Amino acid sequence: MSGDGQGSSHWFDDEAGPVVRPYAMTRGRTTSAGQHRLDLIAVVVTEPDAQDPEADPALAPEHVEIVGMCARAPQSVAELAAELDLPIGVVRVLIGDLVHAELVHVTRPVPPAELPDESILRDVINGLRAL
């Protein structure tokens with residue numbers, strides 16, 4: 001090992017600071033309760049009566065950041081992972097923790113096949129105008 005501090009015991013990046021491995025953020029967990037609902041397009045929404053996540057010592061800074069992002073506007077799992085620059089698997093576990101703590105909930109966007117046809121909507125609008 002060289003004496004320049006760049007050997008295998010070098011656990012930080014000069015620009016980024018200390019490196020935290022993704023499994024450390026999840027405490028080694030790779031799944032969480034309800035994770036089956038957390039595909040890429042699932043939308044995470046902050047609970048309206050959620051308490052301040054910073055007051056919970058069990059939550060990591062990434063948890064708090066997810067709640068803050070979702071409080072500004074609902075976010076998809078993919079958007080959260082991209083913004084946090086974290087693997088999807090890690091973000092799913094973190095979101096699962098937040099769902100369990102009742103700070104956020106997950107919704108599913110309506111599939112296009114379940115939306116009413118545009119012609120039906122036009123007929124309804126025309127019918128309402130005729131009244």
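Since this is a predicted model, take the numbers as computed values, not measurements.
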Residue pair Thr107 / Val45, side-chain heavy-atom distance below 4.5 Å: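 Result yes, sub-4.5 Å side-chain heavy-atom pair found.
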Does any non-hydrogen side-chain atom of Leu80 lie less than 4.5 Å from one of Val44?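 With C-beta onward as the side chain, the pair touches.
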Determine whether Leu98 and Val67 satisfy the following criterion, side-chain contact (heavy atoms from CB on, under 4.5 Å), listing intermediate values before the conclusion. CA-CA 8 Å; Leu98 294 170; Val67 173; 3.7 Å; yes
Run through Asp97, Val93, Val91 and flag the one making a side chain to side chain contact (heavy atoms under 4.5 Å, CB included) with Ile95. Val91
Please tabulate, one pair per line, all N/O donor-acceptor pairs under 3.5 Å involving side-chain atoms of residues 119-131, not counting sequence neighbours.
unit_1: Ser119; atom_1: OG; unit_2: Asp117; atom_2: OD2; d: 2.7
unit_1: Arg122; atom_1: NE; unit_2: Glu118; atom_2: OE2; d: 3.1
unit_1: Arg122; atom_1: NH2; unit_2: Glu118; atom_2: OE2; d: 2.1
unit_1: Asn126; atom_1: ND2; unit_2: Arg122; atom_2: O; d: 3.2

Measure the spacing between CD of Glu65 and NE2 of His63 and express it to the nearest 0.5 Å. 12.0 Å
Can you measure from CG (Leu59) to CG (Leu103) and round to the nearest 0.5 angstrom?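 So the CG of Leu59 and the CG of Leu103 are separated by 6.0 Å.
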Should Val43 and Leu94 be counted in the same cluster of Ile, Leu, Val, Met, Phe, Trp and Tyr side chains packed under 4.5 Å apart? no
In terms of hydrophobic clusters joined by side-chain contacts under 4.5 Å, are Val64 and Val106 together? no
Would you please name every residue forming a side chain to side chain contact (heavy atoms under 4.5 Å, CB included) with Glu79, sequence neighbours left out? Gln75, Ser76
What's the shortest heavy-atom distance between His105 and Thr46, and which atoms?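 It is CE1-O, 4.4 Å.
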